[in-house]
Structure formats: C-alpha cells, structure tokens
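Proteins get letters first, then strands, A, B, ... in listed order; numbering begins at 1 in each.
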2 protein chains.
Amino acid sequence: MKQVFEKFEIEMRRGVMQLAVICLLDNEKYGYEIIKNLNESGLKVEEGTLYPLLRRLEGDELLTSRWETGGPRPRKYYVITDLGIEIRMSWLNTFKTLIDTVKQLESNIQDKGALNNAQ
Amino acid sequence: MKQVFEKFEIEMRRGVMQLAVICLLDNEKYGYEIIKNLNESGLKVEEGTLYPLLRRLEGDELLTSRWETGGPRPRKYYVITDLGIEIRMSWLNTFKTLIDTVKQLESNIQDKGALNNAQ
DNA sequence: CACTATACTGTGTGACACAATGCATATAAA
DNA sequence: TTTATATGCATTGTGTCACACAGTATAGTG
C-alpha cells in the first residue's frame, strides 16, 4: 500500500507529464535524452512511462519521429508538429485555469501557505 | 475515441481534484454541495468521481465524516482532519513545484503564451 | 407527474509504476 | 587480452488505480 503522499505525486505528475514533454520537444530530442532532461528538472519519469507516452502523442499527431541510425546506437528523435503547437497552447491555457482555481480555493483556507506566500 | 484535448483535461483534473476537495473541506460540507461548488469554480466533477474520492480520502484519514439525518434528506458531511491539514500543505508544495517546472519548460519554447503573459 | 436533492455502485478504459528484456558500446578489472 | 560491469537506448508486459459514464435508490418539491 503506497503512502498517501506518493499517490498524490503520481497523480499530479500524470497530468503534467504530457505537458512537460510537449514543451521540451520544441527542439528535436530522443527519448533517453528527454528522460535525463526531465529528471534534471525534478520531474521523475520512468522509461516504461515515457516511451509509451511518446508513442501515444505521436499517435495523436502531436509529435513526429525519425530514426537516426548513423551514430553509435540507434536513436529515435521526436519533435512537435504544427498540430502539437496548437494543442500545446490550449493545454497551457487549461493548466493555467486549473492553477487559478486551486489558488482561489487555497486563498480561502486557514493556514495559507505555499502557493500565495512564495513567489 | 476521446479527443486529444478532453483526454488531457481529464488527466490534469485527476491530479488537481484531490487537492481542490481537500482545500474546500476546510469547512464542513456534504458531497452534493462540493460537486456544486467545484462546478461553479469551473472544475467539472461527476458524482461517480467525487463520492469514491471522498471515501478514499477518508480511508486515508485526511477527512472525517458524519451523517446528518435531522434535515429533509440525509447528508454526509465531510471535514478535513489534522493529518489532512498537514498533507494538504505538502500537496500544495508539490503542486507549486510542478507549476514552476512547467513554467520553466514553457519559458524555453518559441510561442510563449498563457502562463507567463497572463497574470 | 416530473424534477431536484442526495448518495451509492458497477463496468470499461486509460495511463502509470515497476520490472524485465534486449542489444550495443564503453569502461574497468583480471 | 580477455572478462566483467556499467551505461546508452528502446521496447514490452503485468498489476493497480482512478476516472467517466451510466445506472440504482429514495425522499422531498414544483
């Protein structure tokens, strides 16, 4: 049985992950590189999570991919499509709306904290 | 087959929902009331989503409940516990960190938009 | 009678975590 | 030099969990 806290983190990441990936892929990158990038950004992600996500986003035509076999190891490069750019903008808007909603809700609680004090 | 956009909204809501609920329950409320509140806040939630969520949060001892049978229809009131208050604070911090990560990623893309321009 | 208020349950789907597999290269140890 | 270990890179499979949606149920209200 997972801890309450971990479960929340997982659920939260789950939504943010696609957004993060599609933001990163403004420039062409390959999967393994993305994992490193995101982990450095503090966004933990497993291979078994990212690779299927990439394929899913490609299936939705938000990304395209190409194989690079010239180098030492074959790499699959992904990059955002025009449709992806459009969708990304609407996702960012959705995200922003959610942030505002939570900020609003948080401003009504007693022990105001993280969101409003910081920044 | 759901639209790409809807799928994202669902995933995003999924994480935010518990946070929103636990913020709302600073004051005692019953389920149906919470649904109305959240829908007014622009956070769509189905009964089949909220009621199980409430029970789950209660199972994790972040909420407690009591039945109010005096009124016309029986209502189950929920309110946050001390543990819930603690956890809520850490969830808010997690949420804030994720926001920062996305903002960071967004600031590197070409068509900067929603998050940084607004507010 | 239809509608609202209030709560619950059940089924399908989708995505994640985790773990394992596979293979190639680079590095370290023997 | 041969062997062993680690790293780069991607895939697949299993279990779990939470949501959406659609029901069920009951008691009031218009």
Side-chain angles (χ1 to χ4, degrees), chain A residues 1-22 28-40 43-60 62-63 65-78 98, chain B residues 1-22 28-40 43-60 62-63 65-78 98:
Chain A
M1 173 63 167
K2 296 229 176 196
Q3 299 307 318
V4 179
F5 179 72
E6 285 182 63
K7 281 198 296 179
F8 174 75
E9 247 195 321
I10 291 173
E11 293 295 318
M12 279 303 308
R13 262 206 305 267
R14 184 175 174 143
V16 167
M17 191 54 67
Q18 339 179 25
L19 187 52
V21 166
I22 213 177
E28 208 181 36
K29 288 185 176 60
Y30 57 98
Y32 199 79
E33 186 184 6
I34 297 174
I35 293 174
K36 297 295 170 202
N37 280 205
L38 290 180
N39 283 341
E40 283 161 16
L43 206 54
K44 270 175 291 186
V45 57
E46 306 282 334
E47 298 168 358
T49 299
L50 183 73
Y51 288 119
L53 171 60
L54 287 172
R55 288 197 295 270
R56 205 161 53 248
L57 292 176
E58 186 179 18
D60 292 335
L62 310 185
L63 306 178
S65 67
R66 66 176 182 86
W67 279 98
E68 174 86 41
T69 48
R73 295 177 206 80
R75 293 170 169 175
K76 197 169 180 184
Y77 280 88
Y78 289 89
L98 285 176
Chain B
M1 173 63 168
K2 296 229 178 198
Q3 298 308 317
V4 179
F5 179 73
E6 285 181 62
K7 280 199 294 181
F8 174 75
E9 248 195 319
I10 290 172
E11 293 296 317
M12 278 303 309
R13 262 206 304 268
R14 184 174 174 144
V16 168
M17 190 55 66
Q18 338 178 25
L19 186 52
V21 166
I22 213 176
E28 207 181 37
K29 288 186 179 56
Y30 57 97
Y32 199 79
E33 185 184 6
I34 297 173
I35 294 174
K36 296 297 170 198
N37 280 203
L38 291 180
N39 283 341
E40 283 162 17
L43 206 55
K44 270 175 290 186
V45 57
E46 305 281 333
E47 298 165 1
T49 299
L50 183 73
Y51 290 120
L53 171 59
L54 287 171
R55 287 196 295 270
R56 202 161 54 248
L57 293 176
E58 186 179 18
D60 291 335
L62 310 185
L63 306 178
S65 66
R66 64 176 183 86
W67 279 97
E68 173 85 40
T69 48
R73 295 177 207 79
R75 292 169 169 175
K76 197 169 181 182
Y77 279 89
Y78 289 89
L98 285 176

Nearest whole Å is fine: how far is [N] [atom2] from [X] [atom1]?
| X | N | atom1 | atom2 | result |
| --- | --- | --- | --- | --- |
| A/Arg66 | D/dA10 | CZ | P | 12 Å |
| A/Ile34 | D/dT11 | CD1 | C1' | 15 Å |
| B/Tyr51 | D/dA25 | OH | C1' | 13 Å |
| A/Gln18 | C/dG14 | CD | P | 13 Å |
| B/Ile35 | C/dT6 | CD1 | C1' | 9 Å |
| B/Leu53 | D/dA20 | CG | C1' | 14 Å |
| A/Ile10 | C/dA15 | CD1 | P | 16 Å |
| B/Glu46 | D/dC21 | CD | C1' | 7 Å |

So B/Arg75, base contact, sugar-phosphate only, or nothing? Heavy-atom distance under 4.0 Å.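 Contact class for B/Arg75: sugar-phosphate only.
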
Working to the nearest 0.5 Å, report the span between [atom1] of [X] and [atom2] of [Y].
| X | Y | atom1 | atom2 | value |
| --- | --- | --- | --- | --- |
| A/Met17 | A/Lys44 | CE | NZ | 10.5 Å |
| A/Lys29 | A/Ile35 | NZ | CD1 | 13.5 Å |
| A/Glu11 | B/Met12 | CD | CE | 11.5 Å |
| B/Ile22 | A/Phe8 | CD1 | CZ | 9.0 Å |
| A/Tyr77 | A/Leu63 | OH | CG | 15.5 Å |
| A/Leu53 | A/Glu46 | CG | CD | 13.5 Å |

**Report entry** Flag side-chain contact, heavy atom, 4.5 Å: B/Gln18 against B/Val21
**Finding:**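 No; the side chains remain at least 4.5 Å from each other.
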
Quick one: is [X] getting a side-chain N or O under 4.0 Å of the [N] phosphate, OP1 or OP2?
| X | N | result |
| --- | --- | --- |
| A/Arg14 | D/dC19 | no |
| A/Lys7 | D/dA18 | yes |
| A/Lys36 | D/dC9 | no |
| B/Arg13 | D/dC19 | no |

Hey, which of these two, A/Tyr77 or A/Glu11, hits DNA chain D nearer its 5' end, going by closest nucleotide?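 It is A/Tyr77 whose nearest nucleotide is closer to the 5' end.
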
From the options [options], select the nucleotide whose nearest atom is closest to the side chain of [X].
| X | options | answer |
| --- | --- | --- |
| B/Thr49 | D/dA10, D/dC19, C/dA15 | D/dC19 |
| B/Tyr32 | C/dC8, D/dA18, C/dT6 | C/dT6 |
| A/Lys76 | C/dT9, D/dC19, D/dT11 | D/dT11 |

Write out a two-atom table: protein N or O, nucleotide N or O from nucleotides 20-24 of chain C, distance below 3.5 Å.
none

